[in-house]
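See structure below.
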Number of protein chains: 2
Amino acid sequence: MPNSPEKSTKERILDSAVRLFSQKGYAACGMRDIVRDAGVSIAMVNYHFGSKKALLQEIIRRFSADTFQLADHHFEGAEALEIKLRRFIRDMIKLFRKNPDSLRIMVTELPMDVPEVIDFKADRVGKLVQLARDKLFSSFPDEVRERIHLEILGPALIGMLTFHFIVHPVFERAFGIRCDDDFYDGYADELADLFLYGILSKTNSHHATQENPKDD
Amino acid sequence: MPNSPEKSTKERILDSAVRLFSQKGYAACGMRDIVRDAGVSIAMVNYHFGSKKALLQEIIRRFSADTFQLADHHFEGAEALEIKLRRFIRDMIKLFRKNPDSLRIMVTELPMDVPEVIDFKADRVGKLVQLARDKLFSSFPDEVRERIHLEILGPALIGMLTFHFIVHPVFERAFGIRCDDDFYDGYADELADLFLYGILSKTNSHHATQENPKDD
DNA sequence: TTGACAATCAAACAAACGTTTGATAGATAT
DNA sequence: ATATCTATCAAACGTTTGTTTGATTGTCAA
């Protein structure tokens with residue numbers, strides 16, 4: 001299915017690239033696949049973006065900006081931790097649903113040979129966790145905050161949220177579920193419950209369940 | 001750094017392919033990269049595996065077998081849910097640490113044009129969740145099991161466990177952590193706490209935190 | 001000793017790759 | 001009117017791709 005014809009050439013290339021990079025992977029997707037889908041000449045990619053790799057970086061750059069801006073926005077404000085975190089998780093899933101292709105590209109197509117991309121992402125993730133520490137957990141007493149390892153729980157949360165979209169084809173096949181609005185409402189609630197209880201457990205007691213066994 | 005010379009040609013190719021597929025991605029990694037690293041001729045790949053794609057499928061097949069066999073094994077037995085689940089999480093992380101390259105390949109290189117691979121994975125995931133339902137939660141009363149949505153919590157757990165290894169370079173850069181034995185011990189404990197509390201919350205009360213708000 | 005078989009290699013293959021070039025049309029400014 | 005600039009295209013460029021071929025070596029059986 002070709003692209004809508006009223007958009008500009010540059011936007012048509014971007015749309016096609018996002019879909020095809022996600023579908024076949026960046027390296028496996030030839031520029032001729034993209035321009036055929038976009039209905040433009042192959043020279044247009046280098047004209048508008050400079051190179052195929054720069055096109056990929058532009059896609060990642062745009063989606064990163066959306067994602068981290070959303071996170072920044074939801075951590076501000078005076079509401080309780082529960083309220084902020086539930087809203088954050090719900091809107092994050094909403095954003096991922098709207099751009100599942102961009103999400104998969106951002107996660108799976110780590111351009112290992114472009115160190116500045118890794119630096120960029122690491123910088124944003126670090127700032128995000130710092131923001132969570134300052135804005136989300138600032139009211140907790142120090143000895144509780146010491147027990148909450150955000151550098152573990154943060155990536156775990158992101159992993160929970162994103163993994164479903166990464167392996168979506170396997171997931172739908174395995175459970176015979178079609179993922180509609182209702183499903184994702186339940187999905188967001190379930191993950192929020194899981195995460196909030198996990199955090200709050202640290203605020204009340206030391207031991208996780210009955211005994212926290214360390215058997216071998 | 002080339003491969004160890006005492007192994008067979010077939011094994012040398014497999015070892016090199018796992019590392020390089022993970023590093024550069026399947027499509028971006030040329031067969032000449034692999035055979036140069038393995039110290040063999042390029043014809044050996046097609047001789048021993050048939051094609052480049054068959055080599056990828058062999059890698060995924062081997063690692064899938066290890067992973068799901070581990071899961072099957074840990075869900076059996078008469079111990080309590082907490083004990084089984086903690087041991088499962090710990091050994092899963094141990095396996096992922098030993099084969100981070102295979103894990104990344106299995107998750108990120110979904111051969112979309114090979115439907116049987118997706119079918120294979122979907123089948124295994126479905127059976128795994130069914131096994132968890134039968135062996136892990138069989139002692140719970142029915143009205144509690146209805147509230148535990150394993151088709152959501154299961155993939156969420158796998159996402160938590162694997163995501164760290166997928167984005168490992170970003171992760172290490174962001175937090176300035178070197179991930180040693182101690183780190184992963186804490187990592188496993190933290191995730192087990194998080195997950196067990198999230199589940200046990202469903203067994204006690206209906207509402208997640210204070211109010212389970214549904215604001216907009 | 002001869003024949004068959006398995007493992008290996010260097011070289012060659014056509015196809016596909018990302019990029020560049022030169023030309024063309026349309027708009028805008030001088 | 002003419003020159004400049006922008007957006008576009010078809011065609012060609014040199015590489016690199018995965019695969020195949022034909023020859024060579026070593027091993028084991030007849």
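Order of the sequence lines fixes the chain letters, A, B, ..., with proteins taken first and strands second; residue numbering starts at 1 for each chain.
To the nearest angstrom, P of C:dA7 lies 10 Å from NZ of B:K10. Atom CD1 of B:I13 is separated from atom C1' of C:dC9 by 13 Å (rounded to the nearest Å). A straight line from CZ of B:F49 to P of C:dT8 spans 11 Å, rounded to a whole angstrom. When the C1' atom of C:dC17 is taken as reference, atom CZ of A:R36 falls 13 Å away, rounded to whole Å.
Tested against A:D37, the residues A:R32, A:R19, A:K24, A:R12 include a single salt bridge (Lys or Arg N to Asp or Glu O under 4.0 Å) partner, A:R19.
For B:F183 and B:H164, the ring centers sit closer than 6.0 Å to each other.
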Which letter, B, S or -, goes with each nucleotide of nucleotides 18-23 of chain D from 5' to 3', with contact meaning a protein heavy atom under 4.0 Å?
BBBB--
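The backbone N or O of B:R104 sits less than 3.5 Å from a side-chain atom of B:T108, completing a donor-acceptor pair.
Counting only residues at least two apart or on different chains, the side chain to side chain donor-acceptor pair (under 3.5 Å) pairs with a member in residues 174-184 of chain A are A:R97-A:D181, A:R178-A:D180.
For B:T9, a side-chain nitrogen or oxygen approaches OP1 or OP2 of C:dT8 to under 4.0 Å. Note on A:H48: a side-chain N or O is less than 4.0 Å away from OP1 or OP2 of D:dT8.
Looking at residues two or more places apart in sequence or on another chain, you find a salt bridge (charged side-chain N to carboxylate O under 4.0 Å, His left out) between B:D91 and B:K94.
The cationic atom of A:K53 (NZ for Lys, CZ for Arg) does not lie both less than 6.0 Å from the six-membered ring centre of A:Y26 and within 45° of the ring axis.
Here the side chain of B:Y47 is nearest to one of D:dC9, D:dT8, C:dA7, namely C:dA7.
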